[in-house]
Amino acid sequence: AEILPNVKEDEPILLTVCEKGYGKRTRLSEYRTQSRRGMGLTNIKITKKNGKVVVTRQVHEGEEMILVTSEGKGIRLKVDEVPIIGRHTQGFKLIDLENEDRVVSITLVEQEEEPKT
């Protein structure tokens with residue numbers, strides 16, 4: 001997997017999260033424009049390891065997200081902690097899940113500014 005560390009601040013980034021707790025960020029510049037009869041583009045490799053895609057959203061530096069599971073477990077992560085990698089990868093483990101627990105949704109949260117003293 002190619003790691004892409006040099007991201008411009010204003011470059012759009014796509015977050016993808018899968019049901020088994022895996023996710024990744026990908027630069028939108030990696031996706032080519034499709035014609036009317038295009039067959040689509042691969043966004044993430046779907047395997048038994050990472051499961052189906054739960055959500056795909058455009059994100060920005062400084063945002064945070066809350067991952068919610070089917071068992072009611074929640075975890076808050078900074079979007080910046082999710083690695084930026086290429087389209088043809090499975091992603092990285094964002095949350096440890098037990099038994100039949102699955103990620104069912106995410107909520108994006110703007111990072112609060114700390115009060116000035």
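Here the structure is a predicted model, which is why all the values come from computation and not from measurement. When a residue number appears, it is its place in the shown sequence, counting from 1.
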Within-4.5 Å side-chain heavy-atom neighbours: [X] and [Y]:
{"X": "Ile13", "Y": "Leu28", "answer": "no"}
{"X": "Val79", "Y": "Glu61", "answer": "no"}
{"X": "Val103", "Y": "Val17", "answer": "yes"}
{"X": "Lys78", "Y": "Val109", "answer": "no"}
{"X": "Val54", "Y": "Leu67", "answer": "no"}
{"X": "Arg27", "Y": "Ile84", "answer": "yes"}
{"X": "Leu14", "Y": "Arg25", "answer": "no"}
{"X": "Glu64", "Y": "Leu77", "answer": "no"}

Would you say [X]'s side chain and [Y]'s backbone share a donor-acceptor pair under 3.5 angstrom?
{"X": "Ser105", "Y": "Val68", "value": "no"}
{"X": "Glu63", "Y": "His60", "value": "yes"}
{"X": "Lys20", "Y": "Lys48", "value": "yes"}
{"X": "Arg76", "Y": "Met65", "value": "no"}
{"X": "Thr42", "Y": "Ile44", "value": "no"}

Quick one: do Arg102 and Thr69 satisfy side chain to side chain contact (heavy atoms under 4.5 Å, CB included)? Show the steps, please. CA-CA 5 Å; Arg102 299 281 184 255; Thr69 71; over 6 Å; no
Quick check: is Tyr22 connected to Ile95 through a chain of hydrophobic side chains (ILVMFWY, heavy atoms under 4.5 Å apart)?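 No; tracing contacts between hydrophobic side chains, which count when under 4.5 Å, never links both residues.
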If two hydrophobic side chains count as joined below 4.5 Å and joins carry through other members, does Val55 share a cluster with Leu97? yes
Might you confirm whether atom CD of Gln34 has over 12 heavy atoms from other residues, nucleotides or ligands at distances under 6.0 Å? yes
Crowding at NZ, Lys45 (>12 non-hydrogen neighbours, <6.0 Å): no
Taking Thr16 as the fixed residue, which of Asn50, Thr26, Asn43 is the one that meets the side-chain hydrogen bond (donor to acceptor under 3.5 Å, both in side chains) rule? Asn43
Working to the nearest 0.5 angstrom, can you tell me the gap between Cys18 SG and Lys49 NZ?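 Going from SG on Cys18 over to NZ on Lys49, the span is 11.0 Å.
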Grab the two heavy atoms, one from [X] and one from [Y], that are nearest each other, plus how far apart they are.
{"X": "Ser29", "Y": "Glu11", "result": "OG-OE2, 3.0 Å"}
{"X": "Lys24", "Y": "Gly91", "result": "CB-CA, 4.0 Å"}
{"X": "Gln90", "Y": "Thr47", "result": "OE1-OG1, 2.9 Å"}

Would Lys52 and Glu19 satisfy salt bridge (Lys or Arg N to Asp or Glu O under 4.0 Å), going step by step from the backbone distance to the final call? CA-CA 6 Å; Lys52 297 176 183 176; Glu19 66 182 356; 5.8 Å; no
